[in-house]
**Student:** 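Before we start, here is the structure in question, set down as structure tokens.
Keep in mind it's a predicted model, so treat the numbers as computed, not measured. Values reported hereafter were calculated over all heavy atoms of this structure, with side chains retained and with hydrogens, waters and symmetry mates removed. We count residues from 1, following the sequence as given.
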Amino acid sequence: MTKLIWTRMESGMWNMHLAATEAGLCYVGTPDAPYEELEAWARKRLPGAAPARDDAAMRIYVEALDAYLHGGEVSFGIPVDLRGTDFQQSVWQELKRIPHGELCAYSDIAERIGKPGAVRAVGLAIGANPVMIVVPCHRVVGKNGKLTGFRGGLRAKAELLRLEGTLQGIS
């Protein structure tokens, strides 16, 4: 059985649950979502895991996210444990290649993974990203440059892009 530890991070507008396995951070929750969101994710992705709160062990992840959210670190030096299908994994790996301060369209991601006709499937995989912010799905915008879906909400997406200096010119 996989050990799953979690904590609640509170940093300005960013109040969310984080979870990790022995392999690394595996979940960044939706801001202001209840604990039940984490439980539901764990039941689906880590069946049989019993989440246990461990604030001390999760400190490394909280500190990394907090530093980023306050304009410090631009990359994360923390281990990540992504759980998903092969297709999702390919999309998430491509998201990690988008540099800090740059944007990309969903269609660009589809092209980069060799599936140019799979733009909607790419959007679904991005929406299923369990480690938002660390795996920077917020850097993906519509082909027309408009802000589009984000599990954390468009306000949070806009704030992340503002932190990275890329919000100018986006509608």
Side-chain angles (χ1 to χ4, degrees), residues 1-102 104 109 112-115 118 121-140 149-153 156-157 159-160 163-164:
M1 176 167 46
T2 302
K3 181 180 176 186
L4 182 67
I5 58 172
W6 68 275
T7 193
R8 175 105 176 135
M9 174 182 171
E10 296 186 15
S11 180
M13 72 177 267
W14 304 98
N15 299 308
M16 53 201 169
H17 293 92
L18 308 178
T21 65
E22 297 91 349
L25 185 69
C26 63
Y27 179 81
V28 174
T30 305
D32 298 321
Y35 173 76
E36 288 75 23
E37 179 187 75
L38 167 60
E39 283 184 315
W41 177 85
R43 275 193 306 275
K44 182 177 180 180
R45 292 291 177 190
L46 298 166
R53 187 166 189 163
D54 190 336
D55 297 336
M58 292 296 295
R59 185 170 293 124
I60 184 176
Y61 304 111
V62 170
E63 288 174 354
L65 275 160
D66 192 55
Y68 170 82
L69 293 170
H70 286 93
E73 296 296 318
V74 297
S75 62
F76 296 94
I78 53 176
V80 176
D81 183 9
L82 291 169
R83 308 275 176 127
T85 67
D86 289 344
F87 181 80
Q88 288 172 329
Q89 293 284 349
S90 68
V91 170
W92 298 337
Q93 291 307 314
E94 196 57 45
L95 294 177
K96 290 166 62 176
R97 291 184 186 97
I98 305 170
H100 181 273
E102 292 188 20
C104 190
I109 299 294
R112 291 177 187 174
I113 65 167
K115 306 231 183 252
V122 163
L124 291 172
I126 290 171
N129 171 15
V131 189
M132 66 178 183
I133 303 172
V134 177
V135 175
C137 53
H138 60 278
R139 296 179 187 153
V140 181
F150 183 62
R151 179 168 46 99
K157 184 172 188 168
E159 178 60 20
L160 292 169
L163 280 171
E164 295 189 5

**Student:** With rounding to the nearest 0.5 angstrom, report the CD to CG distance, Gln93 to Leu82.
**Tutor:**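 Answer rounded to 0.5 Å: 6.5 Å.
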**Student:** Closest heavy-atom contact between Gly152 and Pro31?
**Tutor:**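 Heavy-atom minimum between the residues: CA-CD, 3.8 Å.
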**Student:** Considering only heavy atoms from C-beta outward, does the side chain of Met16 approach that of Ile133 to under 4.5 Å?
**Tutor:**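 Answer yes - side chains close enough.
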**Student:** Just verifying a value: how many Å separate Arg8 CZ and Leu18 CG, rounded to the nearest 0.5 Å?
**Tutor:**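 The CZ atom of Arg8 sits 9.5 Å away from the CG atom of Leu18.
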**Student:** Check each of Leu95, Ile113, Val122 against Ser90 using the side chain to side chain contact (heavy atoms under 4.5 Å, CB included) test, and report the only one that passes.
**Tutor:**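 Looking at Leu95, Ile113, Val122, the match for Ser90 under the side chain to side chain contact (heavy atoms under 4.5 Å, CB included) is Ile113.
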**Student:** Measure across Met132 and Thr30 and return the closest heavy-atom pair with its distance rounded to 0.1 Å.
**Tutor:**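 Shortest heavy-atom contact: CE-CA, 3.7 Å.
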**Student:** Check whether Thr85 reaches the backbone of Gln88 with its side chain - one donor and one acceptor, N or O, closer than 3.5 Å.
**Tutor:**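 Yes; at least one donor-acceptor contact below 3.5 Å.
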**Student:** Return the CH2 to CG distance between Trp14 and Leu65, rounded to the nearest 0.5 Å.
**Tutor:**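 So the gap between those two atoms works out to 9.5 Å.
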**Student:** Working to the nearest 0.5 angstrom, can you tell me the gap between Ile5 CD1 and Glu22 CD?
**Tutor:**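 Output value for this atom pair is 8.0 Å.
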**Student:** Rounded to the nearest 0.5 Å, what separation is found between the CD atom of Glu37 and the CG atom of Asp32?
**Tutor:**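 Between Glu37 CD and Asp32 CG, I get 10.5 Å after rounding to 0.5 Å.
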**Student:** Going by heavy atoms in the side chains, are Leu69 and Met9 under 4.5 Å from each other?
**Tutor:**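 A side-chain contact exists here, since the closest heavy-atom pair is under 4.5 Å.
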**Student:** Do Arg112 and Ile98 come within less than 4.5 Å of each other through their side chains, counting heavy atoms only?
**Tutor:**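 Yes. Closest side-chain heavy atoms under 4.5 Å.
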**Student:** Within the distance-only criterion (no hydrogens, no angle test), does the side chain of Asn129 pair as donor or acceptor with the backbone N or O of Val135 below 3.5 angstrom?
**Tutor:**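 Indeed, once roles are kept as given, a pair shorter than 3.5 Å links the two residues.
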**Student:** Locate the shortest heavy-atom distance separating Phe150 from Cys137; write the atom from each residue and the value.
**Tutor:**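 Heavy-atom minimum between the residues: CE1-SG, 3.7 Å.
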**Student:** Of the non-hydrogen atoms in Leu4 and Ala19, which two are nearest, and what is the gap between them?
**Tutor:**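 Minimum heavy-atom contact is CD1-CB, 3.8 Å.
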**Student:** Could you report the tightest heavy-atom contact between Pro51 and Ala42, atom names first, then the distance?
**Tutor:**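 Heavy atoms only, the tightest pair is CG-CB, 4.3 Å.
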**Student:** Determine which pairs satisfy ring-ring contact (aromatic ring centres under 6.0 Å, His included) with at least one residue from residues 29-52, sequence neighbours left out, and list them in order.
**Tutor:**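 Qualifying pairs, neighbours excluded: Trp6-Tyr35, His17-Tyr35, Tyr27-Trp41.
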**Student:** Measure the NZ-CG distance between Lys3 and Asp54 for me, rounded to the nearest 0.5 Å.
**Tutor:**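 Those atoms lie 6.5 Å apart.
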**Student:** Please identify each residue that fulfils side chain to side chain contact (heavy atoms under 4.5 Å, CB included) with Ile78, with sequence neighbours left out.
**Tutor:**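 Result, side chain to side chain contact (heavy atoms under 4.5 Å, CB included) vs Ile78: Leu25, Ile60, Tyr61, Ala64, Phe76, Val134.
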**Student:** For Arg139, what residues pass the salt bridge (charged side-chain N to carboxylate O under 4.0 Å, His left out) criterion, not counting sequence neighbours?
**Tutor:**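 Once residues adjacent in sequence are excluded, the partners of Arg139 under the salt bridge (charged side-chain N to carboxylate O under 4.0 Å, His left out) criterion are Glu164.
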**Student:** Is a side-chain N or O of Trp92 found less than 3.5 angstrom from the main chain of Arg83, in a donor-acceptor match?
**Tutor:**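 Here the side-chain-to-backbone pair does not exist.
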**Student:** For Arg59, I'd like to know if atom CZ has over 12 heavy atoms of other residues, nucleotides or ligands within 6.0 Å.
**Tutor:**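 Result for CZ/Arg59: open.
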